[in-house]
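Here it is, the structure, as structure tokens.
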Amino acid sequence: MEGSLNMVGLGLAAIGPGVGIGLIFAAYINGVARQPEARSVLQGIAILGFALAEALFIIAIGLAFAI
Amino acid sequence: MSTRIVAESGFHSPGPADFEFPPLFGEGTFFTKPMLVIVLGTIAVGAFFYFAARRSTLVPGKLQFAGEAVYGFVRDGIARDAIGREGIKYVPYLVTLFGFIAVLNISGIIPVLQLPATSKIAIPLFLALISWVIYNYVGISRQGFGGYFKNMMFPPGVPKAIYPLLAPLEFFSTFIVRPFTLTLRLTFNMFAGHLVLLLTILGGEYLIFEYQGLVGIAAGSVSILFSIVLTFFEAFVQILQAYVFVLLSAIYIGGALSHEH
């Protein structure tokens, strides 16, 4: 089986954002559980944090296929 | 470097090559499938908002209700939250952006089309550049050329000793990283999503029809079932990414409008 080492690196690159996104949503769920009425405020912040953390991995995908 | 993995048995796993399309009307013409998706998507968005707003009544019909739901979501959920009271001025741009991106993303799971046009980098790049021009224009016209750069590169409330380090970073972040990440986030989310759908569907088809045997049919069925689940997940991601793109555009506009940052 042939392949590219890029894909192994891509898998490794998924670890960091994976942990980060997990932490973000854990904090979001905690916040909503403690204060359900804050849900609408927290939702935007959580998704924003998710998008920023995910950007790292998305750049990694781009580089894995481009280089 | 080759990114295609070729197994001995002859299954070609999907890769970036699956995003290159020949012209639709034979050699020499320029009209490709992504272009077709863009044209259809533009017509769909335009028609949707035109017919939703054409005969607006006090008690909305189904279509008017749908149009107002999209408009209200962007106005209250994005513009008002991220920009503030002045946000109402930018709602037309944000609604158009949201509708356009959402439809081009969703084209990835519409049967027959099945190609998210936003996975071609030109489209998100162009949209990100429009947002880039808008938030810089808004910032410069609001705070003046010098004021905009001063507020951006030298945010108040930071120790003076940090400025030599902070100013180039802020400059780099605002002018280069922001449009770059806006583009890449949308493009490669759609790219990766389309790739995973291709892999599960083509892989399942290969296992059932080529590999055969009990193992092939069982594994292939699981793969096809999984592709159905992934299609729903993909629909969620596609709407979410349209929301994220518009939300970040609105946050950048809001940041350029406000004085303290």
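These numbers come from the heavy atoms of this one structure, side chains and all, not from hydrogens, waters or symmetry mates. Letters go in sequence order (proteins before strands), and every chain restarts at 1. Since the structure is predicted, the reported quantities are computational estimates derived from the model, not experimental observations.
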### Message
What residues of residues 186-198 of chain B make heavy-atom contacts with chain A at a cutoff under 4.5 angstrom?
### Response
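If one takes a 4.5 Å heavy-atom cut-off, the residues of residues 186-198 of chain B near chain A are F188(B), N189(B), F191(B), A192(B), L195(B).
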
### Query
At a heavy-atom separation under 4.5 Å, does F50(A) approach chain B through its side chain, its backbone, both, or neither?
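Side chain only.
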
### Task
Would you mind checking which part of I251(B) comes under 4.5 Å of any heavy atom in chain A, side chain (CB onward), backbone (N, CA, C, O), both or neither?
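Answer is side chain: those atoms of I251(B) sit under 4.5 Å from chain A.
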
### Segment of E54(A) engaging chain B (4.5 angstrom heavy-atom cut-off)
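For E54(A), side-chain heavy atoms alone lie under 4.5 Å from chain B.
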
### Query
Which of residues 65-73 of chain B get closer than 4.5 angstrom to chain A, counting heavy atoms alone?
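When heavy atoms of chain A are the reference, residues 65-73 of chain B contributes no residue within the under-4.5 Å range.
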
### Query
Which residues in residues 229-250 of chain B have any heavy atom lying under 4.5 Å from a heavy atom of chain A?
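From residues 229-250 of chain B, the residues near chain A are L240(B), Q241(B), Y243(B), V244(B), L247(B), L248(B).
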
### Task
Please check if atom CZ in F226(B) has more than 12 non-hydrogen atoms from other residues, nucleotides or ligands closer than 6.0 Å.
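Counting neighbours around CZ of F226(B), 12 or fewer heavy atoms of other residues, nucleotides or ligands fall under 6.0 Å, so no.
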
### Message
Non-hydrogen contacts under 4.5 angstrom with chain A: give the residues of residues 122-134 of chain B involved, or none if there are none.
### Response
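Within residues 122-134 of chain B, no residue comes under 4.5 Å from chain A.
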
### Task
Count the heavy atoms of every other residue, nucleotide or ligand shown that sit under 6.0 Å from CZ of F180(B), and state whether that count exceeds 12.
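Incorrect, the count does not exceed 12.
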
### Task
Check the surroundings of atom CZ in F209(B): do more than 12 heavy atoms from other residues, nucleotides or ligands lie under 6.0 Å from it?
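For F209(B), atom CZ is not crowded (no more than 12 foreign heavy atoms under 6.0 Å).
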
### Task
Could you pull out the closest heavy-atom pair between A55(A) and R185(B), with the gap in Å?
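Smallest interatomic distance, heavy atoms only, reads CB-NH2, 3.4 Å.
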
### Query
What distance do I58(A) atom CD1 and L184(B) atom CG have between them, rounded to the nearest 0.5 Å?
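I58(A) CD1 to L184(B) CG: 9.0 Å, rounded to 0.5 Å.
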
### Atom pair CG (D81(B)) and CD1 (I45(A)), whose distance is rounded to the nearest 0.5 Å
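One finds 9.5 Å between CG of D81(B) and CD1 of I45(A).
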
